[in-house]
Amino acid sequence: LAEYAIHRLFHRARVLWPFHEVHHSSREMDWLAGSRLHLVDVVATRGFTFLPIHLLGFERAPVVAYLAFVSVHAVFIHANVRLRFGGLERLVVTPHFHHWHHAEEGAAVDKNFAVHFPWIDRLFGTFHAPRERWPERYGVAPDRVPEGWLSQLAFPFAPKSGTERTDE
């Protein structure tokens, strides 16, 4: 739930969106798209989700195992694969579900925030995954985000031209 909340906040808060927009600027879904992240996005998301786990006193071994799972799962859900998993898709986030999160299509924008369990999006009314098709195009305003790692690190701090999101 913490990951869902921080992910949704990065989409909704005007000051946070440019940091997460770097991740959404990928025009193609492939295994590296999950690693295209701004440092502020990574630190805030990991801090918001893993600090409570630490403070609750979880043992190191399960936390490390979870981190390993999260890393592999992130590669999997961003991968350029069009596999379907039947009923499992209702329980666990799969590429089909997460690809819609990255879709350029208007109805898919700001949907599918859950990282592991799609039922969380169903619960909060943010689920969008048409059963019989996959997104045709990816990238939310990909032309706004510059190429290159250093340019992308600076991007959220640069003055904007007025084409950025206007929602809160």
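Taking all atoms of both residues into account, the shortest heavy-atom contact from R36 to S26 is CD-OG, 3.1 Å. Nearest heavy-atom pair across F85 and P95 is CE1-CD, 4.2 Å. Closest approach of R122 and F127 over heavy atoms only: NH2-CZ, 3.3 Å.
Here R137 pairs with E104 under the salt bridge (charged side-chain N to carboxylate O under 4.0 Å, His left out) rule; sequence neighbours left out. Under the rule for a ring pair (Phe, Tyr, Trp, His ring centres under 6.0 Å), the partners of H7 that lie at least two apart in sequence or sit in another chain are H11, H20, H101, F113. With sequence neighbours left out, H116 forms a side-chain contact (heavy atoms from CB on, under 4.5 Å) with E3, Y66, F69, V70, H73. In this view, R131 satisfies the salt bridge (charged side-chain N to carboxylate O under 4.0 Å, His left out) rule with no residue, not counting sequence neighbours. Judged as a salt bridge (charged side-chain N to carboxylate O under 4.0 Å, His left out), and not counting sequence neighbours, E28 has no contacts.
When the side chains of ILVMFWY residues are joined at heavy-atom separations under 4.5 Å, either directly or via intervening members, F97 and L83 end up in a single hydrophobic cluster.
Proximity of L1 to I120: side-chain heavy atoms (C-beta onward) are separated by under 4.5 Å at one or more points. Side-chain contact between H78 and D30: absent, with no pair of heavy atoms (C-beta onward) separated by less than 4.5 Å. By the 4.5 Å heavy-atom criterion applied to side chains, H24 and W17 are counted as neighbours. Residues K111 and D121 form no side-chain contact, since every pair of their non-hydrogen atoms from C-beta on lies 4.5 Å or further apart.
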With a 3.5 Å cut-off and sequence neighbours excluded, list the donor-acceptor pairs that the side chains of residues 48-60 form with protein atoms.
| residue | atom | partner | partner atom | Å |
| --- | --- | --- | --- | --- |
| T49 | OG1 | T45 | O | 2.8 |
| T49 | OG1 | R46 | O | 3.4 |

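More than 12 heavy atoms of other residues, nucleotides or ligands sit less than 6.0 Å from atom CH2 of W134. Residue R90 qualifies as open at atom CZ: its count of foreign heavy atoms under 6.0 Å is 12 or below.
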